[in-house]
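The structure displayed is predicted, hence computed values, not measured ones. In what follows, chains are A, B, ... by sequence order, proteins preceding strands, each numbered from 1.
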Protein chains: 2
Amino acid sequence: MKCEMLPVELAKAYRLINHGPTVLVSASHEGIDDVMAAAWCCGLDFTPAKLTVVLDKANKTRELLENSGYFAIQVPTVAQRELTHQVGSISLRDNPDKLARCQVDLFRRSESDVPLVSGCAAWLLCKLIPEPHHQQTYDLFIGEVIGAWADSRVFSDGHWHFEDADPMLRSLHHVAGGHYYAIGDALDMKEK
Amino acid sequence: MKCEMLPVELAKAYRLINHGPTVLVSASHEGIDDVMAAAWCCGLDFTPAKLTVVLDKANKTRELLENSGYFAIQVPTVAQRELTHQVGSISLRDNPDKLARCQVDLFRRSESDVPLVSGCAAWLLCKLIPEPHHQQTYDLFIGEVIGAWADSRVFSDGHWHFEDADPMLRSLHHVAGGHYYAIGDALDMKEK
């Protein structure tokens, strides 16, 4: 079964990050692309779908999205754990060949210039909602989700189904340093 | 091996929520205690340790922490999945006996009046940093972590070690409705 990148209804896009995965953040400006890892990305609203992400001032990706006004959040997989750890450890400022070195393969959809990372489990295309006080004081950025897609092998009908797929497609959850967890067993509670 | 609630160094408190668990939020004001579940809780800074949490205007817990200026974030376990789902589904506004009905056992530490939920894997005591624009526009609250503790069976020396403990002590990660995941396998990457 191959990856099929299927659209996710925007009202359900929060479900792609609701379980707290570590994400990849990508952006582009004036021909420069960058990708970084972020553990501090979180849902903020359902409709219109919004999310927050914390981006340190040292990150080149932050500068790119501040200038372009657009970015993507994507959910990397266990198979991408080395890539995720590397793009979170190396800066484009010191390493102009960062993306090649980290073996990041980018693609673009026709509707947007924001680069997306191949091989992820989900992609959320976001428009920056400028909030200068949040951004300067807390390094906190707010995005409105304007497009969402997921790999149908692990997300369909508005739900993740990691339990039925290759364990290499599970999401990553960072603790600190080189210490991560994969998402685990499904637990279903009856609605009362 | 019994639960031992050990202090966590504040500079490492972010690690208690870095892997994206669904949390319980508790607060108290003028003798009224409440506890709710929240999937949208996220690290914001290392030192001083800060976090964000999204709290809908309908929640009584929000009113209590707005009035008292303090709250706690705690990491519930797989064993507490029913409790977590119930406190996230029932409102104290309509059910004055909510906490008894959800079988929530509260305790307090000597240093604070904020009620804490027994049986969790970790507890973060927070002081609200008032940001009226964030709170009104986005339902987004910022807390500075002023105390942190964890169950030594699953967190010690600054790291989770779910893999060495009872699976019932793993953290919960909510998707939507009654659909949750437990945290899964540890993945350790070499630092380069």
Which atoms of A/Leu55 approach chain B - backbone, side chain, both or neither, heavy atom under 4.5 Å
neither
Segment of A/Val54 engaging chain B (4.5 angstrom heavy-atom cut-off)
side chain
Might you work through the side chain to side chain contact (heavy atoms under 4.5 Å, CB included) test for B/Glu131 and A/His133, ending with a clear yes or no?
CA-CA 10 Å; B/Glu131 285 285 358; A/His133 172 67; 3.1 Å; yes
Keeping to residues at least two apart or across chains, list the ring pair (Phe, Tyr, Trp, His ring centres under 6.0 Å) pairs with something in residues 37-60 of chain B.
A/Trp40-B/Phe46, A/Phe46-B/Trp40, B/Tyr14-B/Phe46
Side chain to side chain contact (heavy atoms under 4.5 Å, CB included), that's the test. Do A/Asp188 and B/Tyr180 meet it? Break it down for me.
CA-CA 6 Å; A/Asp188 287 293; B/Tyr180 293 75; over 6 Å; no
Between A/Cys42 and B/Cys42, which heavy-atom pair has the shortest distance, and what is it?
CB-CB, 3.7 Å
Would you mind telling me which of A/Gly20, A/Cys41, A/Pro21, A/Ala182 has the largest number of heavy-atom pairs within less than 4.5 Å of chain B?
A/Ala182
Could you please state which residues from residues 69-79 of chain B sit under 4.5 angstrom from chain A, measuring non-hydrogen atom to non-hydrogen atom, sorted by number, or 'none'?
B/Val78
Suppose a student defines contact as a heavy atom less than 4.5 Å from any heavy atom of chain B. Which residues in residues 92-105 of chain A would they list?
none
Verify side chain to side chain contact (heavy atoms under 4.5 Å, CB included) between A/Thr22 and B/Asn18, making sure each step is shown before the conclusion.
CA-CA 8 Å; A/Thr22 293; B/Asn18 212 62; 5.7 Å; no
What one should report as the nearest heavy-atom pair of A/Ala176 and B/Arg15 is CB-NE, 3.2 Å
What orientation do B/Tyr181 and A/His19 show, parallel under 30°, tilted 30 to 60°, or perpendicular over 60°?
tilted
Region of A/Leu172 in contact with chain B, defined by heavy-atom distances below 4.5 Å
side chain
Applying a strict 4.5 Å limit to non-hydrogen atoms, the region of A/Ile142 in contact with chain B is side chain
Summary of salt bridge (charged side-chain N to carboxylate O under 4.0 Å, His left out) pairs that have at least one residue in residues 155-170 of chain B, sequence neighbours excluded
none
